[in-house]
Amino acid sequence: MTDKGIKRFDELNIARLSLISVQERIPADYRDWTVELEDGDRRYRVTCQALPEYGVPHGIDTDISAALVNLYIDQGSPPDGVVTCTPYQLLQMAGLDTSGRYYAALDESLKRLTTTTYFIAEGWRDHPRGRWTNVNFRYIDRIEFTSGEADRLDATSILRVTLPQEISRSVRAGYIKSLDLSFMQTLRRPPTRALYRLLDAQRRDPENPDAVAMAYQVGLMEWAEACKIVTDRPSMAQRTLDAAHEELIEKGFLKSVEYVGRGKKKLLHYTFGEAFIPPDPALLQDLADLGVTQTRALQLVREHGEKTVEEAVSRCRAVLSTGFKPRSRPAFFVDVLRHPGKYEPPQEPVAALKAPVKAQQSPPRPLPQPNLFEGPSGASEEEADGEARLRGMPRERQVEEVMRTLTFLLRNDLKLQELDTLRLALDEGLEDPLEIKAWAIRGISSGQKSSVVRDLRARLSLSLARPSDPPR
């Protein structure tokens, strides 16, 4: 769930190359495009080829593509690039309406992203190796889903989306930037959201993503080409961009937009708002020293704020200085961050007294050692609050939330059809969503995951047999 204020992420190649047109609607014959652009001394070329019935990616495709990357990160960035989710979860992550009208649009968007091929020459950054490469891929390499209707996604479907290795490998390598997805979702129109995503990437040095510029200048017609705006008229390009500029200035992402020059030589000069400055790289390094990955570090800084994270780093180091050795340093840090009252840093050593001390005096009591595996009081309260919140939801929302949890926990253990059967049992009231969630989590947390999977299969088989085969 994209709670207010929580930041998400973007794979930096995708964001900088603007693979998705900023236009909300495209001409009927807009099936391919090729752009050749410059980045300093480097020239690169990007070609897009789409099927005639869908056209090139545009509109809400920018929201869906960003949501897929973030679901992939949320699900642990598995090496196979697979994301398993429901349409509701995907729409919710994208910030789109989940009441029903967007399911057909989601179906079309996924098909467009699956059938469109990109060819990139000297433009894809292999960041770990520090070089530019040539790649070709589809944004979605493979998609499977269950459905009540042939070839059409619906609200009860289960999705299994495989991202191409180029994208998943780059995400796992940490070539990502923070993306304020909650802010992006406040922008009213897809063109504004797409332009925000592109500008937020272009302000970064692709070879040093921590370096963020507060201004960016580009030729208007070159920018129109980068945004995949179909026109050769400067006035039309400017008119297409102006509405998005106004909203981004209104929201504070842009401080100003200036046009300099005339005709096709006109330049665009962007000045960014100071409220959108990224985290301090030194703090991110401190977190890396504690074993926190860059992806997780960015998420924690954006979610809790730099000051709170800095305080947690100091507290964590103070506790570690006592000799305490947690089983997992990253998990220990997160626990310190979320439950600061549970961990008291050691006091300054008291100067030795000159007066003699009795030999039989009891030794000083050692500092209590924190234990990550003792459920802190705060954690149980949070769980209770979460359970109460879930119980207060309508049944349809309960099912979605429970499917989110179980899909994440069992996505590598259950086949797509088995997840669909689970969804059917919950939808039809054959199983209580809260009860089955508690049962599954209890078994998995006690190390009995294989038994949970086996028993769940048997349980669902019995549940679905009850209506047609009542006991005699």
Side-chain angles (χ1 to χ4, degrees), residues 2 7-23 33 35 37 39-40 42 44-46 48 56-73 77 93-95 109 113 116 118 120 122-127 132-133 135 137-140 163-164 166-185 187 190-213 216 218 222-223 225-229 241 244 248 253-254 270 272 276-279 294-295 298-299 302:
T2 55
K7 308 299 189 293
R8 297 289 180 169
F9 307 97
D10 219 348
E11 196 281 325
L12 200 48
N13 282 303
I14 296 168
R16 284 184 55 83
L17 293 170
S18 184
L19 300 180
I20 295 169
S21 171
V22 304
Q23 294 183 262
W33 50 256
V35 297
L37 300 170
D39 186 1
R42 179 176 58 87
Y44 62 94
R45 185 175 67 255
V46 184
C48 170
V56 301
H58 64 282
I60 70 164
D61 297 345
T62 194
D63 304 297
I64 300 304
S65 61
L68 283 170
V69 167
N70 281 284
L71 283 172
Y72 175 67
I73 292 172
S77 305
M93 178 65 82
S109 176
L113 293 171
T116 299
Y118 295 98
I120 301 166
E122 294 298 316
W124 188 267
R125 179 74 177 171
D126 182 349
H127 199 58
W132 297 96
T133 61
V135 296
F137 59 82
R138 294 173 298 171
Y139 196 99
I140 295 176
L163 297 176
E166 289 79 5
I167 294 177
S168 61
R169 189 185 300 120
S170 190
V171 169
R172 292 196 306 276
Y175 194 53
I176 58 177
K177 70 173 186 66
S178 58
L179 175 68
D180 193 338
L181 200 55
S182 57
F183 169 78
M184 182 171 156
Q185 291 165 2
L187 303 173
T192 311
R193 297 194 292 270
L195 187 62
Y196 159 71
R197 191 179 177 193
L198 176 56
L199 277 169
D200 197 43
Q202 287 293 342
R203 66 191 297 203
R204 295 169 187 264
D205 180 345
E207 297 184 13
N208 179 22
D210 290 334
V212 181
Y216 175 64
V218 63
E222 179 187 353
W223 192 234
E225 190 176 15
C227 294
K228 319 306 178 298
I229 297 172
L241 292 167
L248 290 173
F253 176 69
L254 291 176
Y270 291 104
F272 297 97
F276 288 82
I277 297 173
Q294 184 185 32
T295 301
L298 285 169
Q299 187 177 31
R302 293 301 194 182

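Qualifying side-chain hydrogen bond (donor to acceptor under 3.5 Å, both in side chains) partners for S18, counting only residues two or more places apart in sequence or in other chains: none. Among residues two or more places apart in sequence or in another chain, the side-chain hydrogen bond (donor to acceptor under 3.5 Å, both in side chains) test is passed with D39 by R16, R42. Listed by chain and number, the residues in a side-chain contact (heavy atoms from CB on, under 4.5 Å) with V56 are I26, Y30, W33, C48, A50 (sequence neighbours excluded). Applying the salt bridge (Lys or Arg N to Asp or Glu O under 4.0 Å) criterion to R45, with sequence neighbours excluded, gives no partner residue. Residues satisfying the ring-ring contact (aromatic ring centres under 6.0 Å, His included) test with F137, not counting sequence neighbours, are W124. For Y118, the ring-ring contact (aromatic ring centres under 6.0 Å, His included) criterion is met by no residue, not counting sequence neighbours. For Y139, there are no side-chain hydrogen bond (donor to acceptor under 3.5 Å, both in side chains) partners two or more places apart in sequence or in a different chain. Scanning for salt bridge (Lys or Arg N to Asp or Glu O under 4.0 Å) contacts around D205 gives an empty result, with sequence neighbours left out. For S170, the side-chain hydrogen bond (donor to acceptor under 3.5 Å, both in side chains) partners two or more places apart in sequence, or in a different chain, are E11. Residues passing the side-chain contact (heavy atoms from CB on, under 4.5 Å) test with R125, sequence neighbours excluded: N13, H127, W132, Y175, E207.
Taking CD1 of I14 as the reference point, atom CG of L198 lies at 13.0 Å (rounded to 0.5 Å). Note that CG of D10 and CE of M184 are 7.5 Å apart. Values are rounded to the nearest 0.5 Å. In this structure, CD on E166 lies 10.5 Å from CG on D126, to the nearest 0.5 angstrom. With values rounded to the nearest 0.5 angstrom, L71 atom CG is found 4.0 Å from M93 atom CE. A distance of 6.0 Å separates CG in L248 from CG in L187, rounded to the nearest 0.5 Å.
Counting only heavy atoms from C-beta outward, the side chains of L19 and T116 never approach each other to under 4.5 Å. Taking the side chain as every heavy atom from C-beta outward, S77 and R172 approach each other to under 4.5 Å. You'll find the side chain of L241 reaches within 4.5 Å of the side chain of I229, heavy atoms only. Taking the side chain as every heavy atom from C-beta outward, I20 and K228 never approach each other to under 4.5 Å. L68 has its side chain within reach of I140: a pair of non-hydrogen atoms, C-beta onward, lies under 4.5 Å apart.
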**OP:** Run the numbers on T62 and Y196 for side-chain contact (heavy atoms from CB on, under 4.5 Å), then give the verdict.
**Re:** CA-CA 11 Å; T62 194; Y196 159 71; over 6 Å; no
Original post:
Passes salt bridge (Lys or Arg N to Asp or Glu O under 4.0 Å), R197 versus D200? Steps please.
Top reply: CA-CA 5 Å; R197 191 179 177 193; D200 197 43; over 6 Å; no
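Between F272 and F253, the ring planes lie perpendicular to each other; the angle is over 60°, past the 30° to 60° tilted range.
Listed for the D61 side chain is a donor-acceptor partner under 3.5 Å among the backbone atoms of H58.
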